[in-house]
Each structure stands twice: as structure tokens, then as C-alpha cells.
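What follows is one structure encoded as C-alpha cells, with my remarks underneath.
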Amino acid sequence: MARQTGSRKRKAPALAASSLGSAAAADGDGPQPPKKPRRPAALRSLLHYLKGREVGARGRAGLQGFEGKLRGYAVQKLPELLRERELALGTLNKVFASQWLNARQVVCGTKCNTLFVVDVQSGQITRIPLMRDRGPGSARAQPSCGIHAIQLNPSKTLLATGGENPNSLAVYQLPTLDPVCLGDRHGHKDWIFAIAWLSDTVAVSGSRDGTVALWKMDPDMFHGSIAWHNDAGLPVYAHIRPRDVETIPRASTNPSNRKVRALAFSGKNQELGAVSLDGYFHLWKARSNLSRLLSIRLPYCRENVCLTYCDELSLYAVGSQSHVSFLDPRQRQQNIRPLCSREGGTGVRSLSFYQHIVTVGTGHGSLLFYDIRAQKFLEERASASPHFSPGPAGRKLKLTCGRGWLNHDDLWVNHFGGIGEFPNALYTHCYNWPEMKLFVAGGPLPSGLHGNYAGLWS
């Protein structure tokens, strides 16, 4: 229907213009002085913009302006339109990281050290083999660790995550997910918690050992063909070492807890931000190496576990146990007050910026949306949707995620009294804006409980 009406209506402006011209000539009193030819008026309705986009009219006047307006409108209105469809993940334990690969596939990492791709349409799960450190004495994944970070480079040709040894940085080629290289030489001595790409070939990892490491990928490693073992049929990948390793400065308040928990990169300023568990935000100039610029004591110091950056606003956002704090390193005094997210004391577990909206995933199974320009949460309208928390219109919009799966094992029975339901901590979420979809995943917050949650909101 939309394509047929769009193809007919594209001629309407020209017909209307010629009719008006004929009428003017018939009603005129005589010869008129020649007028400068007018440009055809740009059609500025949303309907004409969408019709034009269907037939590929990207060069028409006004389309760029409409693109921006449409994105801004979508960012503001999409959250209240989202509806959940849960995805079954079997017995996997707690999804810590996720990224969209394409319009229907999301790659995820779990606490049980599993890297997998889920098809959000069919629900099919494909496990990806993890890269193993060189040498017979290489460390194996510790049972309580897992994959905490997954990041795609800007051109979406490489994916960086953890290896079988959670201290190592593994890089895969996209879209094939063939292994490219493993950073297992002179790198981290403890688990990798965070990864950020500085360019298509340079990545930085942050670790529990209190260091950030800069890695450079040689283009020859992924432009050539994959070599194969003749005997085992396994792909050969390079083993690399970091170009630079920087240590988090010790704080006098908590010198032993310098664990790097999250990273975020500002492409505009070529600066890398990091959050450490001792309650500090650190900033480096990031080029061929890392040069530390500053360290700032955060206003809320408990459980600072997530960080994101907005290029448009030049702002970092830090998630803690009960607040999201906003930092502009160029301003001595911060003008944007922190937002409070007291969801049962379970904290902020995932954060993302898109334009002026911050999406907050909590430890209590809910998604909140904060308008940084208005400095308030988006508010819900009267709705019959079961995903909205009950309450009158005007209350903050809160999407409550489904139950997921929980393992009813001995620990659950003995230590948690067989409580039938636990809200899931939303450790990760990622948007697919062209498709207007949101992938959300996590699992039960208590460390000893085994379970998972994943949902597609669209």
C-alpha cells in the first residue's frame, strides 16, 4: 500500500504547479513583467519525507533536516512504544555484554565464559569458540569470571572481547567471526572488564589489575587469508602484546581497589575516560600511546560499574549504586545535576547515550529514560501495556523486564529460601536505531544465583 501510493503522489506537486500557472495566465489583465523562476517549494511534511525516502530521494531539499527531526522525535517517543519479547537462552548464566552485528543478530558474552550469537527473529543460538593462550601452562577461565566486554570497531569489521583466559584480549573478523589475534603476551594479569576502540585498528582494554593497555592490530593480520592447521583444522591467529600499558594512580582513600571497571572514548577530543572502583574518573589523551590528563574524585563512589560518552554534548555519564553522574572534563564546575535511580538499592548496571536521552538499565529489572536537556526522566502516559509499572500519567516511564530463567539449585533453596522470583539485573543493553529495536540482557543480581534474561524490545 505504501509503495503504490508513494509512486503516484510524487507527481502531485508538479501537476498542482502547472494548474496554478494556467489559472494565473487566464485571470491576468495582460502581459506581466518576467519574473525570476522560483524554486519548487520543499515539501516539509513527515508524510512526504517518508514517501521520498521509500523511492530513494535522498538528495531532495529538506531531507537532511527531516532526518534530524525524525531521529530526535524517535528518541523521545520510542521508549513508550517498546514492547518486550523474551528470548530463551537455555541454561547460560548471566549475560554481561552484547552488541548488534546486523539487523537480526546480537553477539553476547556471559558469566559462564560463553561467547554466542543469538538470532532475535528465530531465537537460534550459535556458540563461538574462544581463543586460547599460547603454551601448555596458559590460564583457564575462572568459574566466577566470564566475558564482561564486547566492542565492535567503527567500521564494524573487527570485534574485540575476552579470550578463554579472561585476562587476554581476543579480536575476531566480521562478519565471519574468524579469529584474528589474541593479546596474551605481556598484557593484563587479571580479568578484562572493559574495551574501547580508538580507531579501526587500535583498541584499549581495562582490567581488574588496575591497568589500561593499548593494542595495535596489524591490517595484514585480517586482510590476508586465514591459515589452517593441517592436523587439527583449527584457524591460526597471531599472539600480540600491547603497545602501551598505563597504571591507574593510587588513591589515598582506597589504594588497593584501582580496578578498571568501564571505558568510554571521545572521538571528537581523542580522549579516553575510565572509571575505577576506588571512586575515581580518569582521562587520557589517546593517540599512539596514552597520556594521562586528570583524575577526578566521583561524587558517588559506591559500585561505579558503567560509563558512556555523548559526543554531541561532550559529556561522560557514570553509573553508581544509586545515581548517574555527568562529567564534562573541560568544566571546573559541573552544571548538570546527578540523577537519582533508587531502584531498591540495586544500582545502575548499564548505560547508553543517544542524542539527549540516557537509557539506564537497573539491578532491579527495569529500564529508565532520562532527558539530559530537560534534566528529568521521561514520563509515562496512560497505557494498558503490562510492561509499564502501574501508576497515574506523569510518573517516570519505567519498562519492567520479564522473569527470564533461574536455576532452582541447592544454593537457591538453602540461601534464598526458595524465593520463586528474582528481578534480573540488566547488565547490558544495545540499540539498533535503524530498526527501532532494543536488546536487553542480564540475570539475577546475587552472585551465587545462576540464571539469565534476554529480551527484544521493539
Side-chain angles (χ1 to χ4, degrees), residues 78-98 106 108-112 118 120 146 148 302-303 305-306 308 317 319-324 339-352 357-370 377-380 383-391 395-409 411-412 415-431 437-458:
L78 179 65
E80 64 182 293
L81 303 176
L82 292 172
R83 300 295 181 267
E84 180 196 42
R85 178 168 61 86
E86 280 200 57
L87 301 169
L89 301 183
T91 59
L92 293 171
N93 190 22
K94 297 181 184 176
V95 181
F96 283 153
S98 64
V106 180
C108 302
T110 71
K111 182 176 180 177
C112 54
V118 57
V120 297
H148 288 265
R302 300 191 65 181
E303 297 187 36
V305 297
C306 47
T308 186
S320 67
Q321 187 181 58
S322 57
H323 290 80
V324 176
L339 69 91
C340 181
S341 171
R342 296 190 182 278
E343 292 290 307
T346 54
V348 176
R349 298 295 157 176
S350 57
L351 276 178
S352 68
I357 300 296
V358 183
T359 302
V360 181
T362 74
H364 206 67
S366 60
L367 291 164
L368 306 173
F369 307 90
Y370 189 78
F377 286 99
L378 296 188
E379 295 178 345
E380 67 179 61
S383 172
S385 170
H387 301 295
F388 290 89
S389 297
R395 292 184 58 178
K396 67 182 176 185
L397 175 64
K398 181 166 71 172
L399 303 185
T400 303
C401 293
R403 297 175 60 179
W405 170 78
L406 181 64
N407 187 15
H408 294 173
D409 55 11
L411 187 143
W412 170 74
H415 293 273
F416 295 93
I419 297 173
E421 204 171 321
F422 271 93
N424 290 294
L426 306 182
Y427 294 112
T428 180
H429 68 261
C430 52
Y431 281 95
K437 295 175 182 176
L438 172 62
F439 178 83
V440 186
L445 186 62
S447 61
L449 290 181
H450 185 118
N452 65 64
Y453 162 80
L456 178 69
W457 291 78
S458 59

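- Of all non-hydrogen atoms in Val324 and Val348, the two that sit nearest each other are CG2-CG2, 3.9 Å.
- Taking NZ from Lys398 and CD from Glu379, the interatomic distance works out to 14.5 Å, rounded to the nearest 0.5 Å.
- Relative orientation of the Phe96 and His148 rings is parallel, given thresholds of 30° and 60° on the angle between their planes.
- Within the 4.5 Å cutoff, no side-chain heavy atoms of Asn407 are placed close to those of Thr91.
- Taken from NZ in Lys437 to CG in Leu456, the straight-line distance is 6.0 Å, to the nearest 0.5 Å.
- Side chain of Arg85 to backbone of Ser458: no donor-acceptor contact under 3.5 angstrom is found.
- Between the CG atom in Asn424 and the OG1 atom in Thr362 there is a gap of 10.0 Å [rounded to 0.5 Å].
- Taking 4.5 Å as the limit, every side-chain heavy atom of Arg395 sits out of range of all side-chain heavy atoms of Phe377.
- Here Phe369 pairs with nothing under the ring pair (Phe, Tyr, Trp, His ring centres under 6.0 Å) rule; sequence neighbours left out.
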Could you check Leu87 against Phe439 for side chain to side chain contact (heavy atoms under 4.5 Å, CB included), going step by step and ending with a plain yes or no? CA-CA 10 Å; Leu87 301 169; Phe439 178 83; 3.8 Å; yes

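- Considering CG of Leu367 and CH2 of Trp457, their distance stands at 6.5 Å, rounded to 0.5 Å.
- Scanning for ring pair (Phe, Tyr, Trp, His ring centres under 6.0 Å) contacts around His429 gives an empty result, with sequence neighbours left out.
- For the residue pair Leu92 and Trp405, the shortest heavy atom distance occurs at O-CZ3, 4.0 Å.
- Here the closest heavy-atom approach between residue Pro79 and residue Leu397 is recorded as CB-CD2, 3.7 Å.
- Formation of a donor-acceptor pair under 3.5 Å by the Ser98 side chain with backbone atoms of Thr428 is not found in this model.
- The backbone N or O of Tyr453 sits nowhere less than 3.5 Å from a side-chain atom of Glu86 that would complete a donor-acceptor pair.
- Put simply, the side chain of Asn452 never gets that close to the backbone of Lys94: no donor and acceptor are under 3.5 Å apart.
- Here the closest heavy-atom approach between residue Glu303 and residue Arg349 is recorded as OE1-NH2, 2.5 Å.
- With sequence neighbours excluded, no residue forms a side chain to side chain donor-acceptor pair (under 3.5 Å) with Thr110.
- The nearest pair of heavy atoms linking Leu445 to Ala425 is CD1-CB, 3.8 Å.
- Residues Cys401 and Val440 meet the side-chain proximity criterion, which asks for heavy atoms closer than 4.5 Å.
- Distance check: Arg83 CZ to Leu81 CG gives 6.5 Å after rounding to the nearest 0.5 Å.
- Minimum heavy-atom separation, Val358 to Leu351: CG1-CD2, 3.8 Å.
- The line from CG of Leu399 to CG of Leu438 is 8.5 Å long, rounded to the nearest 0.5 Å.
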